[in-house]
Amino acid sequence: MAAGRTVDRRPAIDAALARRLVDTQFPQWAHLPLKLLDPAGSDHVIYRLGEDLSVRLPRHAGAIRQPMKESEWLPRLAPHLPLAIPVAVAVGEPDFGYPWPWAVSRWLDGEVATVEALADSSRAAIQLAEFLIALQAFVPGDFSVEDAGEDLTGRPLADRDRATRAAIAEADGAFDAAAMTDLWDATLSAPGWDRPPVWFHGDFHTGNLLTVGGRLSAVIDFGGLGIGDPACDLTIAFTLMSARSRTAFRAVLGVDDATWTRGRGWALATGLNAYASYAAVNPRVAAQTTRQITEALIG
């Protein structure tokens, strides 16, 4: 192997593989057509299966716990949430060289939410705040949040310190490095979450919201679902909202200054990570992450 060359350990995923997995493990759906969803997310390859189902195959090892987690928790969460979520109906096993569990979920119609349509919508901002309030209030009768396992425990924001500071230095010129450093320092020095741990979505951004008829209809991709500090979910305020709609969102959610600062830090860190990884090769990601970072700096 040539020096410096890395090995791509992601499995090859195509329609033939998806078809074989479905047909052998769930023959009741073998007659349903498969159609690739493009573009899909960075964590999964997604196929629509017939009219009512979707097949989600993790692309990389970091996503392999998601099918089991979503199949356990989404059916329990769904009745308590004011927007639809993609309830898993089956979990498939590794086979035909594909190494990980995969999932079949209910298909949700809708278009991905856009800044152009919803940035200034106080109605949408309030809907999202109400969704987070309901999610944070979820209390399973047979489960204590103190017993949450590793798959439900989010990483502390401080774990991103080295990578975020490196990304700030790399993005200097595209953004104001001094302003980013000031925000990041304020984030790490802000008081932590001092209330009982609550549920969070974990990847709450524009790409994981669906709309029907221009109105919010569903929240998808719960791979980051966990219990702890909900500040990570404030990222939506900076990926989707304008300053005006953010004000409505924050007021309904009742966010204190420390949590809001940590939320800005999450938006900055995740935005910089995506910008560094994808912006040079993907104009859509470049535009989205530029807005996210800029709005986080505005506050």
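It should be emphasised that the depicted structure is a prediction, and the values quoted were computed from it without experimental measurement.
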Run Val252 and Ile133 through side-chain contact (heavy atoms from CB on, under 4.5 Å) and show every step you take. CA-CA 9 Å; Val252 172; Ile133 289 169; 4.1 Å; yes
Evaluate the criterion side-chain contact (heavy atoms from CB on, under 4.5 Å) for residue pair Leu240 and His205; output intermediate values, then yes/no. CA-CA 7 Å; Leu240 180 65; His205 62 75; over 6 Å; no
Please lay out, stage by stage, how Leu77 and Leu135 fare under the test side-chain contact (heavy atoms from CB on, under 4.5 Å). CA-CA 8 Å; Leu77 278 167; Leu135 176 62; 3.8 Å; yes
Evaluate the side-chain contact (heavy atoms from CB on, under 4.5 Å) criterion for residues Gln127 and Leu83: first the C-alpha distance (whole Å), next the side-chain angles of each, then the deciding distance (0.1 Å), finally the verdict. CA-CA 8 Å; Gln127 279 186 285; Leu83 294 170; 4.0 Å; yes
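Remark: Ile227 CD1 to Phe138 CZ distance equals 9.0 Å, nearest 0.5 Å. To the nearest 0.5 Å, atom CD1 of residue Ile293 and atom CD1 of residue Ile298 are 12.5 Å apart. Within the model, atoms CZ of Arg291 and CE of Met241 stand 10.0 Å from one another, a figure rounded to the nearest 0.5 Å. In this structure, Leu234 CG and Leu128 CG are separated by 11.5 Å, a value rounded to the nearest 0.5 Å. Here the straight-line distance linking atom CG of Asp14 with atom CZ of Arg19 works out to 12.5 Å at 0.5 Å rounding. A distance of 10.0 Å separates CG of Leu268 from OG1 of Thr235, quoted to the nearest 0.5 Å.
In this structure, the side chain of Asp203 does not engage the main chain of Gly223 through any donor-acceptor pair within 3.5 Å. Counting only distance, with no hydrogens or angles, the side chain of Ser71 and the backbone of Val91 share no donor-acceptor pair below 3.5 Å. Without hydrogens or angle criteria, His44 side chain to Ile46 main chain gives no donor-acceptor distance under 3.5 Å. In this structure a side-chain-to-backbone donor-acceptor pair under 3.5 Å is present from Ser189 to Ala186. Between the side chain of Arg10 and the main chain of His60, no donor-acceptor pair closer than 3.5 Å is present. With hydrogens and angles disregarded, a donor-acceptor distance shorter than 3.5 Å links the side chain of Gln292 to the backbone of Ala267.
Of all non-hydrogen atoms in Ala63 and Pro67, the two that sit nearest each other are O-CD, 3.7 Å. The heavy-atom pair separating Thr289 from Ala274 by the smallest distance is CG2-CB, 3.5 Å. A pairwise comparison of heavy atoms in Thr187 and Gly265 identifies OG1-CA, 3.3 Å as the closest pair. Looking at every heavy atom in both residues, Thr164 comes nearest to Ala269 through OG1-CB, 3.6 Å. Residues Ile13 and Pro58 approach most closely at CD1-O, 3.6 Å, considering heavy atoms. Pairing each heavy atom of Arg246 with each of Gly299, the nearest pair is NE-C, 3.9 Å.
Taking the side chain as every heavy atom from C-beta outward, Trp193 and Arg262 approach each other to under 4.5 Å. Counting heavy atoms from C-beta outward, Leu225 and Phe200 have side chains that stay 4.5 Å or more apart. With a 4.5 Å cut-off on side-chain heavy atoms, Phe96 and Pro11 do not count as touching. Residues Leu108 and Ile220 meet the side-chain proximity criterion, which asks for heavy atoms closer than 4.5 Å. Counting only heavy atoms from C-beta outward, the side chains of Leu57 and Tyr47 approach each other to under 4.5 Å. The side-chain heavy atoms of Ile236 and Leu209, taken from C-beta on, include a pair separated by under 4.5 Å. Leu53 has its side chain out of reach of Trp107: every pair of non-hydrogen atoms, C-beta onward, lies at least 4.5 Å apart. Side-chain atoms of Ser245 and Ser121, non-hydrogen and from C-beta on, never get closer than 4.5 Å to each other.
Within a 6.0 Å sphere centred on CD of Glu51, other residues, nucleotides and ligands contribute 12 heavy atoms or fewer. In the displayed structure, Glu93 atom CD is contacted under 6.0 Å by at most 12 heavy atoms of other residues, nucleotides or ligands. For Asp185, the CG atom is densely surrounded, since the number of other residues' heavy atoms within 6.0 Å is greater than 12. Annotation for Arg106: atom CZ does not count as buried by contact number, only 12 or fewer foreign heavy atoms lying within 6.0 Å.
Donor-acceptor pairing under 3.5 Å is recorded for the side chains of Thr259 and Asp256. In this structure, a donor-acceptor pair under 3.5 Å is absent between the side chains of Trp184 and Asp182. Under 3.5 Å, the side chains of Glu295 and Thr239 contain no donor-acceptor pair of N or O atoms.
Side-chain heavy atoms closer than 4.5 Å link hydrophobic residues (I, L, V, M, F, W, Y) into clusters, and following such links, even through other members, never connects Leu157 to Phe204. Leu210 and Phe222 are not part of a single hydrophobic cluster, where members link through side-chain heavy atoms under 4.5 Å apart. Cluster membership check: Leu253 shares its hydrophobic cluster with Leu81, using side-chain heavy-atom separations under 4.5 Å among Ile, Leu, Val, Met, Phe, Trp and Tyr. Follow the hydrophobic side-chain contacts under 4.5 Å out from Leu272 and you never reach Val285; the two are in separate clusters. Following chains of ILVMFWY side-chain contacts shorter than 4.5 Å, one can reach Leu297 starting from Leu188, so the two form part of one hydrophobic cluster.
Below 30°, between 30° and 60°, or above 60°: for Tyr275 and Phe175 the angle between ring planes is above 60°, a perpendicular geometry. The aromatic rings of Phe26 and Trp29 sit tilted, their planes meeting at an angle between 30° and 60°. The aromatic rings of Trp260 and Phe249 sit tilted relative to each other, their planes meeting at an angle between 30° and 60°.
Between Arg48 and Asp109 there is a salt bridge, with a side-chain nitrogen of the basic residue lying less than 4.0 Å from a carboxylate oxygen of the acidic one. At a threshold of 4.0 Å, the pair Asp221-Arg56 counts as salt-bridged, since one of the basic side-chain nitrogens sits closer than that to a carboxylate oxygen.
Ring centers of Trp199 and Phe131: at least 6.0 Å apart, outside the cut-off.
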